[in-house]
Peer 1: 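Got a structure for you, questions after.
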Amino acid sequence: MRYSKLFGKTKKSVPSDKDSVNARLLTQAGFVEKLCAGVYNYLPLGLRVLKKVENIIRDEMNKAGGQELLMPVLHPISVWESTGRTKSMDEILFRTGPDKEFILGPSHEETITPLAGSFIKSYKDLPLSLYQIQEKFRYEARAKSGVLRGREFGMKDLYSFHTDEEDLDRYYEIMKQAYSNVFNRCGLKSYIIEASGGAFSDKFSHEFQIPTNAGEDTIILCEKCGFAQNLEIATGKITEDENTEEEKALKMIDAVHGPSVEDTANFHKVSPSKVLKSVVYEVEEVGLLGVLIRGDLSINEVKLEKYLKKRLRPASAESLKSAGLVPGFISPVSNPVEIPFIADHSVTNMKNFVTGANVQNFDFENVNIGRDFQIKDFTDIVEVRNGFKCPKCESSLKEIKAVEAGNIFKLGTKFSDSFNLKYLDKDGVLKPVVMGCYGIGTTRLVGTIVEASHDEKGMIWPKNVAPYSVHLLKIGNDDTLNEACEKLYKELSDNGIEVLYDDRDESAGLKLNDADLIGLPLRIVLSKRTLSENKVEVKERIKDDFNLIDISEILEFVKNYLNS
RNA sequence: CGGGAUGUAGCGCAGUUGGCUAGCGCGCAGCGUUCGGGACGCUGAGGUCGUGGGUUCAAGUCCCGCCAUCCCGACCA
């Protein structure tokens, strides 16, 4: 491709409203152009990247036995009424008449399930794996971060159909591997983590997280053993020596202070870790429950809900009052209504700590578990933070930002039940089909690659997804040089090398800066200077140094580079 | 959807207590000189000042509504 003819040129200045690195670089380099918030045009360069990403995904899905098909974007609302998932989608409508309303497809379980059902009749039709690569439309209250969170975006969605859970489990592992392969081939390091999936969903699901600062998610990563977890449900150890303090005599003292742990700690002149944090929740169907944790730590409510298998919310001021509990002075000691208390493991090692006395402006000092009160149960409900130890290898855990580039779900029979998708088994019994679904945001993946792979000069495309492999620059302008460049461009192109040829009559600096911004893997410069020695200058985008190579050897060099 | 900020040429911006024909840089077009890290000279094209209303002799400038964009939060099957 001749750069002079390419639609979508680099810009020296970029609109000031570009929020993220990917939006700024992709726009500045002429890969995308925003139509409105969360909706992007893909220009030729951007589209080439997108297509390469899609083809990598396509290849891996095919290898995993997937068959590609294409479903409609327009979904009659009736299809969605079958599953009741129409809430929060009201805005995404398309009308062909006063009563003819369609939803612009946000996902395709509702179309694939009946579609699969029209062909799945017998166990002989299973397993089956179908996928498509297509635009999705979602109601995003706030589109942001360039192409990472759009209202219209590209997605690969694959749906698998199985006779039983066991076969789904088998295929789920195949998909996990396929997903890792996709991200690897896109030059990305991915981590598989268990999705929080809300507190009660027993549906099993995993997310593929790519570390970058632009990410909206926080994951807890052990850099040593690679164990990654969703912050919402992460577990980790607090390492400390066993507390061998002697138990001192319990004291109740006047304590006028505010309601927070800090207030309490300051008043007693101790560190927050010496204060017992008591939080009371109203638990669905159960009532009030006291939850204890070391004062310097926080309760993770998602983990707590998972442990209780009930929904909960912090107790209201009224219910605390009616239970005789005083905010700021709540305590499992001398607990007037004897509400049950559970505790995080972090409390086990606490001795002679401070807690309220269930009386306004009175605290206990030198409180000890067992002697002064009893705990119904100890469990892990702590919110994991930087510095906790990895539950697998004991190295230090780190909180890092990451982009969720893919997710996979075991749907079970949720959708087959809604659409009555059954098969006739060997034993002559009709059984529900067991399903899985697996998504990768293709446009988000393009943005993620930019976020993960750039420097202050511009983007750095991994070979497999670069819009072109080689950026050929003509530096200077005279007939001999032009002729040599044309010849080289033709030679490389004729041999199947994807070349972007900057044939413009522009200054050297401008072209070199553009090349850095666009970020193709290999830059080849031909100038009067190199031509006088019959050489070209070759530089990898990721490296600082360059080589001079004989023009006659350049084709071989490029081929070797691309295959390495 | 709540809170905040912004909106003047394609992009980045200036425009004073309201005052004449709305400017500057980049980019774009033409001509010439340049040619290894965002070259230079000359000439030129390009504007509903986001939008609707109001105040005023007079509004880019003041007031109100709306829209759009970005940020923080809520939401994200």
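Here is how names work: the chains are called A, B, and so on, in the same order as the sequence lines, proteins then strands, and each is numbered from 1.
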Peer 1: Could you tell me how far B/U8 sits from B/U69 if I compare only their C1' atoms? Round to whole Å.
Peer 2: 16 Å
Peer 1: Taking atom P in both B/G4 and B/C13, compute the distance separating them and give it to the nearest angstrom.
Peer 2: 23 Å
Peer 1: According to the Watson-Crick and G-U wobble definitions, with both distances under 3.5 Å, which nucleotide is paired to B/G46?
Peer 2: none
Peer 1: With a distance cut-off below 6.0 Å to the six-membered ring centre and an angular limit of 45° from the axis, does A/Lys463 pair with A/Tyr561 as a cation-pi contact?
Peer 2: yes
Peer 1: For a side-chain hydrogen bond (donor to acceptor under 3.5 Å, both in side chains) check, start with the C-alpha distance between A/Glu282 and A/Ser319, then their side-chain angles and the critical distance, and finish with the verdict.
Peer 2: CA-CA 9 Å; A/Glu282 283 185 63; A/Ser319 55; 3.1 Å; yes
Peer 1: Can you tell me the base-pairing partner of B/G25? Count Watson-Crick or G-U wobble geometry only, both distances below 3.5 Å, and say none if there is no partner.
Peer 2: B/C11
Peer 1: Would you kindly give the CZ-to-C1' distance between A/Arg151 and B/A68, to the nearest whole Å?
Peer 2: 11 Å
Peer 1: In whole angstroms, how far is the C1' atom of B/C75 from the CD atom of A/Glu140?
Peer 2: 8 Å
Peer 1: Check each of A/Lys310, A/Arg311, A/Glu305, A/Glu301 against A/Tyr281 using the side chain to side chain donor-acceptor pair (under 3.5 Å) test, and report the only one that passes.
Peer 2: A/Glu301
Peer 1: Any side-chain donor paired with an acceptor under 3.5 Å for A/Lys401 and A/Thr218?
Peer 2: yes
Peer 1: Provide, to the nearest angstrom, the distance between the CG atom belonging to A/Leu473 and the P atom belonging to B/C35.
Peer 2: 18 Å
Peer 1: Sort out the partner of B/G37 for me: Watson-Crick or G-U wobble, both distances under 3.5 Å, none otherwise.
Peer 2: none
Peer 1: Could you give the distance separating B/C57 and B/C1 at their P atoms, to the nearest angstrom?
Peer 2: 40 Å
Peer 1: Write down the distance separating the C1' atoms in B/G18 and B/U34, rounded off to the nearest Å.
Peer 2: 48 Å
Peer 1: If we count only N and O atoms by modelled type, under 3.5 Å, do the side chains of A/His108 and A/Gln132 hold a donor and an acceptor together?
Peer 2: yes
Peer 1: Checking base pairs now: Watson-Crick or wobble, both atom distances under 3.5 Å. What partners B/C70?
Peer 2: B/G4
Peer 1: Which whole-number value in Å describes the distance from A/Leu25 CG to B/C11 P?
Peer 2: 19 Å
Peer 1: Is any side-chain N or O of A/Lys136 closer than 4.0 Å to OP1 or OP2 of B/C76?
Peer 2: no
Peer 1: Which nucleotide, in any strand shown, forms a Watson-Crick or G-U wobble pair with B/U56, with both distances under 3.5 Å?
Peer 2: none
Peer 1: Can you check the distance between B/G15 and B/C67, where both ends of the measurement are the P atom (answer in whole Å)?
Peer 2: 28 Å
Peer 1: Pick the C1' atom in B/A45 and in B/C66, then give their distance to the nearest Å.
Peer 2: 34 Å
Peer 1: Taking pairing as Watson-Crick or G-U wobble with both contacts under 3.5 Å, can you name the mate of B/G65, or confirm there isn't one?
Peer 2: B/U51
Peer 1: How many Å lie between CE on A/Met155 and P on B/A77, as a whole number?
Peer 2: 11 Å
Peer 1: Regarding A/Lys543 and the six-membered ring of A/Phe546, is the cationic atom NZ or CZ under 6.0 Å from the ring centre and inside 45° of its axis?
Peer 2: no
Peer 1: Can you name the closest pair of heavy atoms from A/Tyr179 and A/Tyr438 and give their distance?
Peer 2: OH-C, 2.8 Å
Peer 1: Calculate the interatomic distance between A/Arg142 atom CZ and B/A68 atom P; express it in whole Å.
Peer 2: 16 Å
Peer 1: Could you state the CD-P distance from A/Glu506 to B/C26, rounded to the nearest angstrom?
Peer 2: 14 Å
Peer 1: Using the C1' atom on both, measure B/U21 against B/C35 and round to a whole Å.
Peer 2: 41 Å
Peer 1: For atom P, what is the distance between B/G25 and B/G44, given to the nearest Å?
Peer 2: 14 Å
Peer 1: Distance alone, cut at 3.5 Å: any donor-acceptor contact between the side chains of A/His471 and A/Tyr3?
Peer 2: no
Peer 1: Report the nucleotide, chosen from B/C1, B/A77, B/G12, that has the shortest atom-to-atom distance to any side-chain atom of A/Ala141.
Peer 2: B/C1
Peer 1: Mind checking if A/Ala37 touches a base, just sugar-phosphate, or nothing, with heavy atoms under 4.0 Å?
Peer 2: sugar-phosphate
Peer 1: So what's B/U16 paired with, Watson-Crick or G-U wobble, going by both distances under 3.5 Å?
Peer 2: none
Peer 1: Please give, in whole Å, the distance from B/G73 C1' to A/Arg149 CZ?
Peer 2: 14 Å
Peer 1: Please list, one pair per line, the donor and acceptor atoms closer than 3.5 Å that link side chains of residues 521-529 of chain A to other protein atoms, with sequence neighbours excluded.
Peer 2:
from: A/Arg523; atom 1: NH2; to: A/Glu537; atom 2: OE2; distance (Å): 3.0
from: A/Ser527; atom 1: OG; to: A/Arg529; atom 2: N; distance (Å): 3.3
from: A/Ser527; atom 1: OG; to: A/Thr530; atom 2: N; distance (Å): 3.3

Peer 1: Which letters describe nucleotides 36-52 of chain B, given B = protein heavy atom under 4.0 Å from base, S = only from sugar-phosphate, - = neither?
Peer 2: BBBS-------------
